[in-house]
Amino acid sequence: MPIQQAPAGMDTFPKILRDHAKVRPDKVAYREKEFGIWQAYNWSEVNDHVRALAQGLHVQGVKRGDRIAIIGNNRPRLYWAMAAAQAIGAVPVPMYQDAVAKDIGYVLEHAEITAVVAENQEQVDKVLEIHDQCPSIKTVIYCDPKGLRKYEVPFLFSFSDIQEKGREFAIGNASFLDAEIDRGKADDIAVLPYTSGTTGNPKGVVLSHNNILCSSFNANEFEGLTENEEILAYLPMAWIGDHIFSYGQALVAGFAVNCPESTETVLTDLREIGPTYYFAPPRVFENLLTTVMVRMEDASKIKRSVFNHFLGVAKRVGADILEGRSVSFGDRIQYALGNLIVYGPLKDTLGLRRVHLAYTAGEAIGPEIFDFYRSLGVNLKQLYGSTEASVYVTIQPNGEIRSDTVGPPAPGTEVKIDEKTKEVLFKSPGVFVEYFKNPKATAETKTKDGWVMTGDAGFFDDEGHLHIIDRAKDVGTLKDGTLFAPKYIENKLKFFPNVKEAVAFGADRDQVTAFINLDLQAVGSWAERNNIAYASYQELTAIPEIENLLKENVEQVNADLANDPNVASSQITRFILLPKELDADDGELTQTRKVRRRIVAERYEGLINALYSNDSEAHMKAEVTFEDGRKGFLEADVKIIDAQTFEPQKKAA
Amino acid sequence: MNEPAAQAAGSHDKVIGDVMLDVNAITLRFGGVVALNNISFNVRKHEILAIIGPNGAGKTSMLNVINGFYHPQEGEITFKGNVRSQMRPHIAASQGIARTFQNVALFKGMSTLDNIMSGRLMKMKRNFLWQALHFGPARKEELEHRAFVEKIIDFLEIQSIRKTPVGRLPYGLQKRVELGRALAMEPELLLLDEPMAGMNTEEKEDMCRFILDVNDEFGTTICLIEHDMGVVMDISDRVVVLDYGRKIGDGTPNEVRNNQEVIDAYLGVSHD
């Protein structure tokens, strides 16, 4: 049963930590690889460390309600600093460790930080650099003393200095800290992460102990996470996901958090630890798969054919076996054999052997990639969440996993779709209290009766699964009023390895059309294998065989769209293979390689007009910027390709 | 380097001690070529001394003389109070002089870890039979050395290449591994032959930081050859300038910068 309210007596994290130290004192709570060896800390040691630091912070003058910044890579000491802050009623503010001093300055100032716990010299330097603007900072604490010995800054202390002060203080005040911990309430602020807004300044999201606790507890129940899990904490501590997975859920269940040696060693550390619970963005899974495939290409012929054979078996029955559906005896034998000689060793190499729960989220994941991991027996699932929800909005339950949805509402969560804008709204025990010192933004995001607007558009399918299609502001309608979500279509196109970039048009028009950028590597090697000569990207786009290849891809997307009554009418009728690669230097992409829809539409207005005419060819002329900064023009005749569309149909279940 | 760090590095509150190495009237000839002509200078405990000069000035020859590769025809070297005219490399090493080379001289096929471990060889007491057995005291000894090497790996931030064969590493990292191997000897005097040659700005900044940290945290005395004037002026306490085998300058970076003879040597005034 999902809970809406944290149980009394265990309603804050410091209370839970104190309990762990009593119930499971010798169980490993944190591990950190240092000097080549995994150093372990059990719950009792962690409790001692946290208590010493909490008392030390008190000695430094940190008071209930003060905010303490935490900056650095995932380190046990930084997680302990969060617990220590909470123990005396202060609020930890985790910050992105790679942010430059200026950005850190904004948050330090806005949150009126009084103390900073920094990982190392790099972070301390940044804080000292902007210290003038933030006079509220009275104490800076560092974990790693390297390079800091010579700093003559009166308010700079090492982690152990502060702990020492705390221990001294405790000699005469033995009951102080327990009294402070007991004063904590479920509605106190637990953590204040700042969201990296794409526009404007970051906003501080106020999350209470009750928010984080309920969210963590409900997810642990739902997924059956116990004190025996192992997790690798490698994503930024400032990101709410890490806070829930490596702090909230870890403390609620009492499982072990492992911190990698350095950011460059994450893959090695992953293999050494073999986590049972794992999160990674789609990009990571994609890169891992590519590495495996590239290395298999170099393997001997026998190995390659064994690999391919068993991968075929896994593709056919792997997902069914994982979900406990009926599979023939012969296939089971084959799969078991494959597990012995291919899947097992492969998962071991990837560090996924012991994983019984893996999540991916953040953006759409390619169905091929998703199915690959599931067929190997890795229970990879998708979820949809946000900082404002303490992560969980929807989760895919075991047995109902699909690559194109983000699942039904998470336990204890209600989700609804705004009729008019298609925006996704949710309500849950994890819903944030408010934006810190920003009532205007709070009012814009959270309704009076507690619904939170996500800014994402989506719809529910017949099985009650949520599909996220695009940012709500980008979603439009075709002339006949049907839904048009460009990114949803583009993502479907981009799942094909041949397609590098796609831009769909159709808002306020009668049909959907698209520009497609080829993936030079994928299509180029296809051309080579089929003995088709080409000299440049531009030439490649004009080869009839390749036009046909892409036409098949587009029609497959159309067939896929036809299965979905919500988007069935936004099938692609006509498209062109753009002879120019979209480029950030020409302003067509952002620096993070996202398409700038408006600029593309302006630059290629002629082509778009041709797509909506009866012409079968169009002429384009576009200014291009070369790598050395010179400018030139690209002229080409572009063929317009018609694609077949399909009758909308009900999905056969 | 950002400001607080620069302040900390530039504060120079460290105590520069007595003369550790005294080079007295060294002359080195190769047949008719005079590589070093009556050179004298000293290195004091805990300082960073840079030897600079145009190509062919005799900088590397000077380092080779200090650690016993070359034997000068005239002059003597006093290291920690002991006079030696003919110092051999292994004696130099056992007395606490370690060095790195202009062209990286690592075991390319061995991992970073093994390369740095090889720097501990001087400190190992068990003979190779014991070590081959890897048993009892030999095992205990190796574990102690490994622990020390891990501290260096952590110090130089090369955890991610611990097990990578050195030959596969980019040049900048190889240089760092070589520094690691020299540090593994726990030297009192560290000779660095162009530690930043062939590096990009970022790698140079990293290397500067490591050199300063070594000097600061381990108290190691450092004598280095470097071409990058910015680097030299930034990190050294004292600079010795050589030109055509002669010493033409010796002093703090500022004194050397304003020395007319040095300026001439670098800007290329004719020597007649």
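Letters go in sequence order (proteins before strands), and every chain restarts at 1. On a predicted model such as this, the values are computed, not experimentally measured, just so you know. What you see below is based on every heavy atom in this structure, not just the backbone, and it leaves out hydrogens, waters and symmetry mates.
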From CD (A/E264) to CD1 (B/I158), nearest 0.5 Å: 11.5 Å

Side chain, backbone, both or neither of B/D154 within contact of chain A (heavy atoms, under 4.5 Å): both

Chain A contacts, top residue of B/R146, B/K151, B/K163 (heavy-atom pairs, under 4.5 Å): B/K151

Residue pair A/E34, B/Q159: steps toward the side-chain contact (heavy atoms from CB on, under 4.5 Å) verdict: CA-CA 9 Å; A/E34 207 181 14; B/Q159 296 97 334; over 6 Å; no

Within 6.0 Å of CD in A/Q39, more than 12 heavy atoms from elsewhere: yes

Part of A/S262 lying under 4.5 Å from any heavy atom of chain B: side chain

A/K146 and B/E157, any side-chain heavy atoms less than 4.5 Å apart: yes

CG/A/D98: more than 12 non-hydrogen atoms of other groups inside 6.0 Å: yes

Over 12 foreign heavy atoms within 6.0 Å of CZ, B/F107: no

Part of residues 113-121 of chain B lying next to chain A, heavy-atom separation under 4.5 Å: none

Whether over 12 other heavy atoms sit under 6.0 Å from A/K102 NZ: no

Proximity breakdown for B/F148 and chain A, heavy-atom pairs closer than 4.5 Å: neither

Pairwise distance CG(A/L148) to CG(B/D213) - rounded to 0.5 angstrom: 9.5 Å

Side-chain donor or acceptor of A/R149 paired with backbone N/O of B/D216 under 3.5 Å: yes

From A/I37 atom CD1 to B/E150 atom CD, the distance as rounded to the nearest 0.5 Å: 7.0 Å

Selection from A/L267, A/T265, A/V266 maximising heavy-atom pairs under 4.5 Å formed with chain B: A/T265

